[in-house]
Amino acid sequence: MVGSDGALPLPWLEAPLRAGLARSAHAILLHGPEGVGQFDLALALAQGWLCEAPAPFPPERRPCGRCASCRLVQARSHPDLMVLLPEALREALGWSSGEGEEGGERAGKAKPSKEIKVEAVRAAVAFAQTTSARGRGKVVVLHPAERINAIASNTLLKTLEEPPGAARFVLSCGAPEAQLPTIRSRCQSLPLGLPPQALAVEWLRGRGVADAAVLLAACGGQPLQALQWAGDGVDARQWRQLPDRVRRGEAAPFAAWPLPRLVEALQKLCHDALCVAVGAGPRYFPADAIAGGADPSRLTAWSRELARIARHAEHPWTPGLMVDALIDQARASLTTGAASRRDSRVASIHSGG
Ligand SMILES: [Zn+2]
């Protein structure tokens, strides 16, 4: 959202925010790669719609960040704004003080849900039908749209089809491949692409990330992910050294990594090794970090195997063994010459055998 200084938290959101505010749609679907700020943009849009800045403040510059409405949004207590998030995301995004939007379900049970549940969507639909407290309509922000479960999605569709009164919906979605055709067809789509590289690097530098260009490339150009990696202790030097260490079969440096991140890093390494093997430039690693000479067909097989593992990486049975096996498999795939029988270890560990 826009702060009291009138500035967006992420400078590259300015253009898409203007594009969104220029639209008259009652429902907007923001979509694009993860890690570029869909949620921040959704909030800024909501804030812009609700902003009460009087003349001479130009309406096309909203949200102002200073009016009573903007302050209520900043305080997360605007009576005409409802933010729907999966329980698991609330705290991370600073909205942990939710008021029973999960249908009265209390914590302490199991893991916080990663889905937006039907009770929450019903509450939002009811909210949208009530009269606006401050007279500028009601706004529901729903993020991420791909986490709406099937039943909840049906509940939402009816409302998106016939929106009540002055209610508006912003749905944001960080999974470009997410299957949301029915929701898509009822919303105006607003794509949010990767920010310009120079802008993202500057922003990361401003947050103390050293060698920001390397980490930004490592994250496929997604600055929020790069910032998170930096915060988790992944630095540019470590990233540069990763291909060499993997080729030497060193598993120790990665033992502390969350498994999904290691799998993702290996997928990127595999992608780049394949690029280099066919004479193209790497995308995620510095060009001098990737050795050529790997066998493309072996890399392709490795890539398929990594994709399969990635689907289950959040629930490994034996994370420690997985790391060893993954590095083993990577080393074998990157090395020309004698094939390794150990490739099968990942598969067998993975199937629980
Ligand atoms: Zn305002």
Side-chain angles (χ1 to χ4, degrees), residues 1-32 36-85 89-90 92-99 101 123-124 126-145 160 163-173 187-192 195 199 203 206-207 223-224:
M1 72 193 82
V2 167
S4 54
D5 57 354
L8 277 159
L10 307 167
W12 54 87
L13 297 182
E14 184 66 31
L17 173 63
R18 296 300 146 215
L21 287 172
R23 300 196 181 178
S24 55
H26 66 272
I28 287 188
L29 177 65
L30 305 173
H31 58 92
V36 298
Q38 279 98 355
F39 181 63
D40 299 86
L41 179 56
L43 276 183
L45 259 177
Q47 194 181 3
W49 284 333
L50 294 168
C51 177
E52 296 164 5
F57 192 87
E60 69 276 8
R61 297 302 307 162
R62 283 176 178 164
C64 71
R66 290 182 202 89
C67 71
S69 170
C70 281
R71 287 184 190 281
L72 284 166
V73 173
Q74 288 153 6
R76 296 164 168 74
S77 55
H78 198 296
D80 293 325
L81 172 63
M82 184 182 257
V83 176
L84 285 197
L85 296 164
L89 258 184
R90 296 199 76 90
L93 293 174
W95 290 81
S96 51
S97 53
E99 320 147 71
E101 280 157 32
F127 169 83
Q129 283 160 347
T130 57
T131 310
S132 165
R134 299 187 62 89
R136 293 193 58 86
K138 311 283 268 190
V139 181
V140 176
V141 169
L142 206 151
H143 172 86
L160 291 179
R168 304 211 223 196
F169 288 79
V170 199
L171 287 70
S172 58
C173 167
C187 297
Q188 269 200 22
S189 143
L190 184 65
L192 176 61
L199 197 57
W203 180 81
R207 269 143 199 84
L224 297 186

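Every number for a ligand or one of its atoms is a count from 1 in the order of the listing.
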Shortest non-hydrogen separation from [X] to [Y] and the atoms involved:
X    : Y   : answer
F127 : L81 : CZ-N, 3.6 Å
V36  : W12 : O-NE1, 2.8 Å
C64  : C51 : N-SG, 3.4 Å

Taking the inter-plane angle between the rings of W95 and F39 on a 0 to 90° scale, is it parallel (under 30°), tilted (30 to 60°) or perpendicular (over 60°)?
-> perpendicular
What's the count of protein N, O or S atoms under 2.8 Å from the Zn ion (ligand 1)?
-> 4
Which pairs count as salt bridge (Lys or Arg N to Asp or Glu O under 4.0 Å) when at least one residue sits in residues 44-61, sequence neighbours excluded?
-> E14-R61, E52-R134
State whether a side-chain donor-acceptor pair under 3.5 Å links S172 with H31.
-> no
